[in-house]
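Proteins come first, then strands; the chains are lettered A, B, ... in the order of their sequence lines, and each starts at number 1.
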Amino acid sequence: MTDISVILPDGSKKTLPHGATAADLALSISAGLAKAVVAARVKLGAKTEVRDLQAPLVDGAQVWLLKLDDKDAQDIMRHSAEHVLATAVCRLFPGAQVTMGPRDHGKEFYYDFDIGRPFTPEDLERIEAEMQKLITEDKPFIRREVPKPQAREEFKQLGQKYKDQILDWIPDDNVTIYQNHDFTDLCRGPHLPSTGRIKAVKLTGVAGAYWRGDQSREMLQRISGQAFTSKDEMTKHFAQLEEAKKRDHRKLGKELELFFFDPLAPASPFFLPRGALVYNKLVEYVRKLYVKYGYDEVVTPQIFDTKLFKTSGHYDNYEENMYFGYGGLSLRKLNGLIRQVAEDNKDNKDLFAKDVFGDSAEEDVEWREFGVKPMNCPGHCILYAHSLHSHRDLPMRIADFGRLHRFEKGGVTHGLARVRTFSQDDAHIFCTPDQVQAEIVSFVNLLDEVYRAFEFNDVRIRLATRPEKRAGSDADWDRAEKALEEALMGVKREFTFSPGEGAFYGPKLEFHVKDALERSWQLGTIQVDYVLPGPDRFALTFINREGAKDQVVMLHRAILGSLERFLGVYLEHIGGKFPAWLAPEQARILPITDEAMSYANELRARLLARGLRVDLDARQEKLGFKVREAQLMQVPFALVIGNKEVADKGVTVRQRGGKDLGFMAEDALTAFIVKECTMPG
RNA sequence: GCCGACAUAGCUCAGCCGGUAGAGCAACUGAUUCGUAAUCAGUAGGUCCGCGGUUCGAGUCCGCGUGUCGGCUCCA
């Protein structure tokens with residue numbers, strides 16, 4: 001047998017006996033390294049992959065030995081933790097069916113099981129304790145490569161029925177199997193050398209999850225958890241999580257008296273005066289942009305004859321998410337009518353062979369069915385069709401803060417982020433096909449400006465392309481997708497593709513931002529639509545240069561998206577500390593004694609006259625108490641007035657967070673605060 | 001919509017094996033005139049989410065409903 005030689009990261013070569021593994025390599029360098037290394041990244045030719053330490057090395061390969069500080073190594077650790085989890089579950093629940101964990105690991109690992117019943121929190125504790133035991137036992141992960149039929153037979157012997165299905169999707173003739181303790185699993189690997197390399201694990205939750213993510217299949221039980229390279233890291237992580245929970249917008253909304261929910265209007269926020277103030281300031285900000293970017297605002301109806309939604313396609317495609325009603329017809333009355341019909345027709349056996357209220361009902365004014373709008377677009381199509389449009393008038397950009405209602409299914413709502421009633425900074429741009437590109441570029445610039453103003457630095461852009469089920473010609477789609485892509489390239493923004501995730505009428509750009517708990521939410525969007533204005537829907541046209549009618553193109557777009565969702569995500573982003581221009585209360589005057597009260601009142605009146613939102617804390621409390629409350633409400637400026645300030649006609653300014661800005665005479669103060677509270681843009 | 005958990009004073013939460021409900025903060029009243037994150041004392045406050053069941057007796061156990069939370073699915 002000839003020796004092999006591998007290249008180390010520093011470029012040096014190392015010669016090893018044939019068949020040597022990465023573990024051998026590590027050992028040949030130092031015993032300490034061998035102890036710390038958990039996996040190897042191997043590059044051979046153009047191909048780089050992460051492998052087990054026990055995998056034999058190949059001559060000429062470049063090798064990096066990975067310790068747990070490496071991101072790939074941590075991924076492997078999480079993956080191994082999944083196997084330990086499954087081992088524990090199989091031990092504690094004989095007969096448990098194991099399925100699989102995630103394809104790509106985030107910070108968490110999870111594994112889906114079927115034990116014929118849900119796991120209880122007590123089960124979870126027992127499983128975690130068992131995992132701890134398995135880790136302490138420090139047993140190796142052993143890799144085997146076997147032909148597929150043999151693997152099938154093995155899992156059959158083990159009574160694992162899901163593995164059979166998983167084997168069906170694997171195209172290769174050979175598959176790999178990993179074993180640790182008495183647990184065997186089909187797995188592509190790689191794994192840590194042994195279970196003891198996992199330094200700390202914590203199970204974080206149990207929840208239902210569908211087999212293969214398909215609602216029509218079995219409901220499995222998903223156990224999720226996290227693995228750490230040290231106990232310290234784990235402690236730190238959960239401390240951070242606690243911090244993040246403090247920034248939960250639902251909690252902040254309550255504490256800062258911004259909004260609340262009531263069971264009589266499920267998932268529909270009530271905005272209190274402070275919340276409404278912020279909400280309206282956001283609208284005001286967007287309105288200012290509309291002037292700059294050439295939008296006209298319109299106000300359109302809330303409720304439409306459902307004929308509109310039949311034309312737009314919502315009646316067929318969005319019915320489940322809509323609210324419907326009839327003028328003056330309550331459920332109580334309807335029940336009475338049904339009883340009446342049944343009474344009148346008690347001898348008519350064929351009654352229910354047709355609709356109870358007959359075909360004519362739909363045409364009868366008394367029976368007109370209405371739908372509450374879930375989107376503004378159908379209404380805007382009516383508005384566009386209301387008058388004739390010349391190519392000279394395009395693009396026509398119409399904005400609408402109309403309130404939308406969507407009947408979201410129970411279990412999907414989430415604070416302000418997913419509600420049943422909301423309004424968007426929504427607009428539709430009607431333009432000629434030639435104008436699409438420029439409109440998209442302009443919009444992306446607009447978004448850039450806005451997200452920068454709100455200091456969202458981590459906005460992820462996704463380009464959702466044509467879905468399988470779609471309307472419109474391929475040529476239209478080519479053009480629309482290209483327009484979106486080129487616009488992004490033009491403004492040099494990074495983005496990822498979401499293949500097949502576009503709307504049925506057109507591709508879209510989605511702008512996503514993460515909340516405090518790392519959940520991603522879509523805010524802005526722009527969509528290119530050739531369908532709604534098309535001949536089968538609203539047939540919207542403009543008069544071209546030749547005097548003939550051409551079909552117009554419709555762009556759907558929103559900047560902040562739903563104002564409710566934006567406010568929720570933004571609240572978490574800033575931890576409740578609104579910039580002064582948005583703060584519901586910009587300054588609070590804190591008189592120390594009653595003697596300071598009359599000057600405090602005068603000052604407040606003068607600041608209010610300058611359009612500032614200033615309150616006066618006239619309660620008979622100590623200064624420390626008032627400062628504390630102003631701070632808890634995140635008021636940007638506390639203006640302290642004692643006898644000294646009364647005499648000198650000014651205030652001592654305390655900035656939110658505790659910074660002392662010292663004494664300011666009234667004129668200087670007014671100039672300072674007015675400047676601090678100026679809306680951007 | 002699916003799986004699980006939870007629902008007690010305005011808020012945050014305790015309430016054991018089923019025996020007639022409690023704290024802190026807030027509110028109210030009074031005293032205190034105070035210099036940068038909580039002054040003191042007193043008073044009042046409850047459909048224990050709703051409906052039904054088991055029981056001599058239910059905040060507590062069971063069923064159904066509603067809402068919320070964590071996931072899944074969905075999100076034109």
Donor-acceptor contact below 3.5 Å, side chain A:Arg78 vs main chain A:Ala227: no
Check: A:Thr306 side chain, A:Phe309 main-chain N or O, donor-acceptor pair, under 3.5 Å: no
Lys NZ or Arg CZ of A:Arg222 over A:Tyr110 ring: under 6.0 Å, within 45°: yes
NZ or CZ of A:Arg126 within 45° of A:Phe93 ring axis and under 6.0 Å: yes
Minimum heavy-atom distance A:Cys431-A:Glu439, with the two atoms named: SG-CG, 4.5 Å
If I pick the [atom1] atom on [M] and the same atom on [N], what distance separates them, to the nearest angstrom?
N	M	atom1	answer
B:A26	B:A21	P	26 Å
B:C49	B:U8	P	6 Å
B:U60	B:C17	C1'	11 Å
B:A14	B:A23	C1'	7 Å
B:G59	B:G18	C1'	10 Å

So which protein nitrogen or oxygen atoms get under 3.5 Å of nucleotides 6-16 of chain B's nitrogens or oxygens?
{"from": "B:U12", "atom 1": "OP1", "to": "A:Lys254", "atom 2": "NZ", "distance (Å)": "2.8"}

Pairs of donor and acceptor atoms involving the side chains of residues 642-653 of chain A, under 3.5 Å and at least two apart or interchain, shall be tabulated with distances.
{"from": "A:Glu645", "atom 1": "OE1", "to": "A:Gly642", "atom 2": "N", "distance (Å)": "2.9"}
{"from": "A:Glu645", "atom 1": "OE2", "to": "A:Thr652", "atom 2": "OG1", "distance (Å)": "2.5"}

For A:Lys482, salt bridge (charged side-chain N to carboxylate O under 4.0 Å, His left out) partners two or more places apart: A:Glu486
Per-nucleotide protein contact string for nucleotides 32-42 of chain B (B base, S sugar-phosphate only, - none; heavy atom under 4.0 Å): BBBBBBBB---
Nucleic acid footprint by protein, nucleotides 65-71 of chain B - heavy-atom cut-off 4.0 Å, B for base, S for sugar-phosphate alone: --SSSBB
Side-chain donor/acceptor contact of A:Arg418 with base of B:C74 under 3.5 Å: yes
N-glycosidic conformation, B:C17 - syn within 90 degrees of 0, else anti: syn
Near-ring test A:Phe637/A:Phe672, centroid separation under 6.0 angstrom: yes
Residue among A:Arg604, A:Arg274, A:Arg656 satisfying salt bridge (charged side-chain N to carboxylate O under 4.0 Å, His left out) with A:Glu585: A:Arg274
Sugar-phosphate, base or nothing in reach of A:Gly506, heavy atoms under 4.0 Å: nothing
Counterpart residues, side-chain hydrogen bond (donor to acceptor under 3.5 Å, both in side chains), relative to A:Gln631 (two or more places apart): A:Arg654
